[in-house]
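Remarks on the structure that follows.
Naming convention: chains lettered A, B, ... in sequence-line order (proteins, then strands); numbering from 1 in each chain.
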Amino acid sequence: EDKVVQSPLSLVVHEGDTVTLNCSYEVTNFRSLLWYKQEKKAPTFLFMLTSSGIEKKSGRLSSILDKKELFSILNITATQTGDSAIYLCAVETSGNTGKLIFGQGTTLQVKP
Amino acid sequence: NAGVTQTPKFQVLKTGQSMTLQCAQDMNHEYMSWYRQDPGMGLRLIHYSVGAGITDQGEVPNGYNVSRSTTEDFPLRLLSAAPSQTSVYFCASNDRGITTDTQYFGPGTRLTVL
């Protein structure tokens, strides 16, 4: 059975800290791994990763995929209170279906 | 573009009632999906569609039906609502371009079954 596991499930840090969120997966026919940020409403897209070892960056956020060890990490540096959210990892399997398998999410709270 | 729209935003049902959650997208996306989100469980796929006339089951399809008669619309039907179906429901559609593979989510429907 395909599964995606995120850790930790929740995290509390202070502004300025650096955090690392983990996502491991066991799936057949891996196609891509995606990270989303969810605040009060629908998830919003952060990154899509398909190749091992290539870091994706957007401002203070970055992510990398290790297809050999079957995991990805999402780093957030110099955290701000606006980073408080649920961070979701999802894996797309097989080809041309568009369906995603999500992890449980990591709830990040950044305190002032 | 309105993106992905969902109606209603909130709904309260009694056990045994049926209803349809509406989802529409105006981006001409082939792929559409329905997820439910429960605390501590991320999003779980209910049903998905790879194009008009084609649907398939996801992880948690029991108690739900879908149809895809047009590219734009992908309604989700609850046949006989149960308290276990209390959840937040998200509809999504896929942009399958060459360099992106973004899934766009609707704003969600919060459903309570009493």
Check each atom of A:Leu88 against the heavy atoms of chain B and say whether the ones under 4.5 Å are side chain, backbone, both or neither. side chain
Only pairs of heavy atoms separated by less than 4.5 Å count here; which of B:Leu45, B:Val88, B:Asp38, B:Asp56 has the most with chain A? B:Leu45
Name of the residue among B:Val50, B:Asn65, B:Val66 meeting side chain to side chain contact (heavy atoms under 4.5 Å, CB included) with B:Thr55: B:Val66
When you check the side-chain N and O atoms of B:Tyr64 and B:Tyr89, is any donor under 3.5 Å from an acceptor? yes
Which bit of B:Glu30 comes within less than 4.5 Å of chain A, counting heavy atoms only: side chain, backbone, both or neither? neither
Say whether A:Glu92 and B:Gln103, considering side chains only, have a donor N or O and an acceptor N or O under 3.5 Å apart. no
Which atoms of A:Gln6 come close to chain B, meaning under 4.5 Å heavy atom to heavy atom: side chain ones, backbone ones, both, or neither? neither
Max heavy-atom pairs within cutoff under 4.5 Å with chain B, candidates A:Ser10, A:Cys89, A:Ala90, A:Pro43, goes to A:Pro43
Do A:Thr79 and A:Asp17 get their side chains close enough for a donor-acceptor pair, meaning under 3.5 Å? no
Between A:Thr20 and A:Pro8, the two heavy atoms sitting closest are O-CD, 4.5 Å
